[in-house]
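All remarks here apply to the structure that follows.
Keep in mind it's a predicted model, so treat the numbers as computed, not measured. All values below come from the heavy atoms of this structure, side chains included, with hydrogens, waters and symmetry mates left out.
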Amino acid sequence: MNNGENKGSIWRVWDLHVHSPATYGGEYQTFIDNAKVSKASVIGVNDYCSVKGYEEIVKLGGIPDKVIFPVVELRMHNLLTTKKNPNGVRINFHIIFDNTPEVLPKISNWVSSLKCLDEKANTIQLGTATDLSKVSFDFEYVVESLKEFKLYDTHSLIWLPYDEYGGIDEIDPVADGIFKLSLINKSHIIGSSTKKQIDFFNWTDPKYSITNYKSWFTKPKPCIKGSDAHKIDYPFGLLQNHLSQPIDKHCWICADLTFKGLKQIVVEPERVFIGDEPDLTKRVRANKTKFIKSISIKKADGVLIDDVWFDNFNIQLNSALVAIIGNKGSGKSAITDVISLCGNTYQEKENFSFLTPTKFRKLKPYNLSEKFEATLTWEDGTTEIKRLNENPDKRLPERVKYIPQNFLERLCANVESDDFEKELKQIIFSHTPPDKRLDKSTLDELINYKSSLVNDEITIIQSEISKTNSQIIELENKATLDYKRTVENKLQLKKNELLTHNGIIPIKPVTEQENEASTQLVVELTAIRDRIKIVEDEIVAHKKDRGLLAMKQEELNRTLQYYKNLDEQLKKIQDPTNEYSQILTKYNLNPNDVFSYTINTSTISIEIQTVVALIAALDLILNPQNQLGKAFNLITLNAQLQKGQEELDKPAKEQQKYLDALKKWELQKQTIEGDIESEGSLKFLESQLIYLNTQLIPALTIKYKERKELAEQLFSKKIDLINIRKELFLPVSQFIEDFKELKARYDVKIDVALELRSFADNFFNKISQGKAGTFCGKEDGYKRLLDIIEKAHFDTQEGFIAFTDELIDNLQHDKRTTDNSIVDISSQLRKGTEVNELYDYIYSYDYLQPIYNLKLGIKTLQELSPGERGALLLIFYLILDKDDIPLIIDQPEENLDNESVYHILVHFIKKVKEQRQIIIVTHNPNLAIVCDADQIIHMQIEKENKNTVKFYSGAIEDKIINEAVVNILEGTLPAFNNRELKYTR
């Protein structure tokens with residue numbers, strides 16, 4: 001069964017318009033010798049009204065290493081008058097016949113029996129004609145005659161010249177349009193080598209719609225060109241210019257060297273190329289390290305196991321599209337796994353379908369993968385050899401792109417995974433021009449490099465937001481009803497305390513006559529009291545001054561440290577090893593010319609020294625041990641007062657006692673009343689209550705505004721990050737715009753937007769769902785949060801701010817209640833979580849990250865159906881992946897519906913095979929047949945025959961492959977015919 005050398009359809013030169021000596025005379029052997037060395041692999045022996053030239057060459061054994069076809073050239077009755085030929089030119093047409101030997105007698109009989117007109121316009125049979133150059137034919141009759149002989153379609157193709165001598169180009173499409181279209185529609189092939197006509201007949205001219213084309217002819221028509229050689233020594237295979245000289249231009253056809261192969265161009269006109277060389281052969285020759293030539297597998301040296309498996313397995317691979325087919329368990333995925341392993345795919349081994357611990361790498365009874373080794377051969381002759389138990393090495397270059405079925409299924413099921421964004425980033429980076437990659441090797445490196453300064457700014461803004469959050473929390477704590485009631489209660493208590501204190505004012509004693517000595521002493525004591533009052537006031541003033549100086553010292557020390565820290569940071573900027581200093585030096589710029597600074601902290605240090613000296617002087621004054629100080633003076637005066645009071649008589653003592661009590665009472669009253677700076681005093685509490693009633697909310701509003709402004713700045717920076725990423729995917733967007741086929745069928749876009757990442761989980765790590773509030777209840781709370789998230793719009797500044805406003809509102813009010821009752825945020829926190837942690841998380845916006853997204857119209861991947869999602873992911877790989885290494889896909893249709901396979905995959909696979917080698921495993925006829933696979937490999941495992949792996953390789957037109965395709969992909973020919981009868985058109 002194995003035929004590993006058959007690579008399916010490959011490009012070869014076909015010259016189907018070569019006149020033999022039957023036309024112009026000469027020796028047939030000379031003709032054969034010349035044809036043998038020609039560039040043409042296929043030669044159409046074309047003679048007027050005859051196959052005798054072809055028959056003679058066949059009798060002589062044919063042309064070595066060449067395939068020949070019988071071609072008959074006929075002229076119609078119709079005369080076409082042109083400016084160049086006013087007398088008229090007969091319209092020519094060719095009939096290319098099947099070259100199988102059993103058909104030739106039927107062809108000869110048909111030619112002989114064909115009715116025609118001789119030079120006198122008499123109807124005769126062609127076999128009786130005496131001058132073949134003078135006969136003409138009715139085109140419609142010829143077509144019907146071919147059908148009658150059962151040659152039309154099955155064993156012959158009609159080739160109608162267009163823009164060449166005897167072609168139909170000059171037929172007036174207005175006057176004779178019906179006739180012209182009739183000729184075209186009944187012909188299989190058009191003769192033309194001009195791009196304009198090729199595009200028109202292939203239905204690829206963008207000037208016309210499919211509707212236009214269908215109104216003219218039923219399906220696209222292939223265009224071919226022959227040399228029209230009339231000389232025995234002409235270099236067959238080379239086309240002629242207008243001077244009938246050979247030029248380096250050929251008619252290439254990608255097909256088996258059979259009539260069935262030729263018939264494929266009728267279905268797939270793009271199998272024809274007219275020019276010097278097809279793009280594929282050029283690309284293979286120029287990039288031999290990027291095309292796989294073959295894969296072979298054998299038992300490793302010294303391995304002795306009974307089962308055969310892949311031993312002596314070798315397949316030559318086509319450089320375009322290879323489709324691997326077979327029933328379930330036939331080894332299809334084994335081949336793609338092995339090729340990808342040898343090609344060092346970066347796919348994780350867990351994504352393999354065959355080389356897994358549950359299949360070929362199963363340990364019991366022994367690991368089969370250890371017993372076999374594979375050799376991948378590239379077109380340049382180099383090889384990669386791997387034991388099948390090895391894994392890809394990510395230290396080495398990835399030489400094939402592999403999309404296993406498991407991997408695609410996982411991406412379709414979980415589009416938010418890092419895997420998908422990783423793949424998308426690789427594609428975007430592949431489209432980034434080398435001069436814009438800035439010596440970075442991945443998109444992440446490039447993004448981090450371009451975003452670093454913006455991220456620094458974001459960190460600074462987040463730090464300011466954190467400070468503002470602390471201030472807001474302090475104000476919000478004061479804005480609570482409980483806090484206000486606490487202040488009111490304290491104030492009432494303080495008022496009661498003052499009222500009670502006013503009720504215990506000392507009573508002045510009844511005045512009695514003092515003795516003269518006491519009277520004099522009282523005067524002295526009064527003077528001492530006055531001095532004590534002065535000293536006490538001075539000490540109070542000194543203490544106040546000292547407090548102010550201590551504050552000044554602290555603030556100056558902090559300022560000094562700030563500038564020292566700043567100096568350290570600025571020194572780093574001037575450091576020659578600094579990144580930006582090196583950039584400037586690299587381009588011969590002096591960093592000191594760009595940036596210089598001066599920080600002089602000496603004045604701050606001097607001022608701090610002065611403050612320290614003043615504080616020391618005040619400490620000395622207030623030191624009770626310093627006899628020159630105020631505190632010592634106060635102690636001395638109080639001692640004198642106390643001593644004098646002891647020497648007074650009773651009336652005077654009572655009076656002094658009263659004065660002491662009154663002084664103490666007044667001091668206590670002052671303490672109770674206090675001032676707005678004395679915490680806990682009556683006036684302080686009154687001022688606090690006034691503040692709560694009149695100033696707190698405005699102050700909180702100002703802080704909210706400050707935080708909002710900071711959030712807006714943060715949004716602006718997030719947009720900067722988005723714009724950096726958008727700039728990087730502009731080449732991809734432009735590529736999609738330029739890819740008209742893609743835009744016409746599917747409005748695919750790459751976008752970047754702010755998206756939530758792990759927000760709900762982190763949020764509920766801080767908020768308890770067992771506490772009263774909007775988010776109470778595991779399921780209900782989660783649903784309420786999702787509702788808020790789904791309504792959010794992060795693409796505008798307003799939506800960005802509105803999200804956090806809505807979130808905070810739901811935290812401050814219990815939305816489960818009809819009156820949206822106020823609830824304390826701190827009461828909803830999990831144990832160990834502080835309000836500032838929650839606020840910093842919410843207002844840092846770190847959970848909103850710029851994320852690349854693939855869209856279909858306005859739908860994101862998450863919003864697409866599974867079929868649409870799978871299709872879009874494959875378009876992403878097929879079209880946007882700019883890499884030109886082989887692309888290997890295992891059963892892509894598993895994630896798509898049939899409509900998506902036909903309308904999406906087919907078109908784009910056919911397009912991408914023009915750019916890189918593609919190998920697909922499939923059981924969908926649309927992919928193997930409609931995609932026009934260049935090579936189909938039919939896999940089988942004969943389990944009853946020691947698990948022998950067998951295959952058959954060939955083109956679609958190969959008879960064995962064709963039968964396998966029908967049986968495996970269509971479910972047998974009767975089943976296909978049964979379905980075809982049920983299809984409505």
query: How many angstroms lie between atom CD of E73 and atom OH of Y48, to the nearest 0.5 angstrom?
result: 4.5 Å
query: Distance from T23 atom OG1 to K231 atom NZ, nearest 0.5 Å?
result: 15.0 Å
query: Any idea how Y208 and W216 line up, ring-wise: parallel (<30°), tilted (30 to 60°), or perpendicular (>60°)?
result: perpendicular
message: For H94 and H17, take the angle between the two ring planes, folded into 0 to 90°, and tell me which bin it lands in: parallel under 30, tilted 30 to 60, perpendicular over 60.
response: perpendicular
Taking atom types as modelled, is there a side-chain donor on [X] or [Y] under 3.5 Å from an acceptor on the other?
X    : Y    : result
S20  : E56  : no
N212 : S209 : yes
Y952 : D958 : yes
Q935 : S953 : yes

Ignoring hydrogens and angles, tell me if any N or O in the side chain of [X] forms a donor-acceptor pair with the backbone of [Y] under 3.5 Å.
X    : Y    : value
R12  : V42  : no
H230 : D228 : yes
N962 : I956 : yes
D256 : E957 : no
D15  : S227 : yes
N241 : Q245 : yes
N318 : I10  : no

query: Would W110 and S145 count as a side chain to side chain donor-acceptor pair (under 3.5 Å) if you check the C-alpha gap in whole Å, the side-chain angles of each, and the deciding distance to 0.1 Å?
result: CA-CA 8 Å; W110 175 82; S145 177; 2.7 Å; yes
- prompt: With respect to L183, which candidate in I178, N78, L160 satisfies the side chain to side chain contact (heavy atoms under 4.5 Å, CB included) definition?
  reply: L160
- prompt: Can the positive tip of K221 be found less than 6.0 Å from the middle of the six-membered ring of F201, inside 45° of the ring normal?
  reply: no
- prompt: On the ring face of F137, is R75 found with NZ or CZ under 6.0 Å from the centre and within 45° of the axis?
  reply: no
- prompt: Could D153 and K147 be called an ion pair, given the rule that one side-chain N must be under 4.0 Å from one carboxylate O?
  reply: no
- request: Answer yes when D65 and K36 have at least one side-chain N-carboxylate O distance shorter than 4.0 Å, and no when they do not.
  value: no
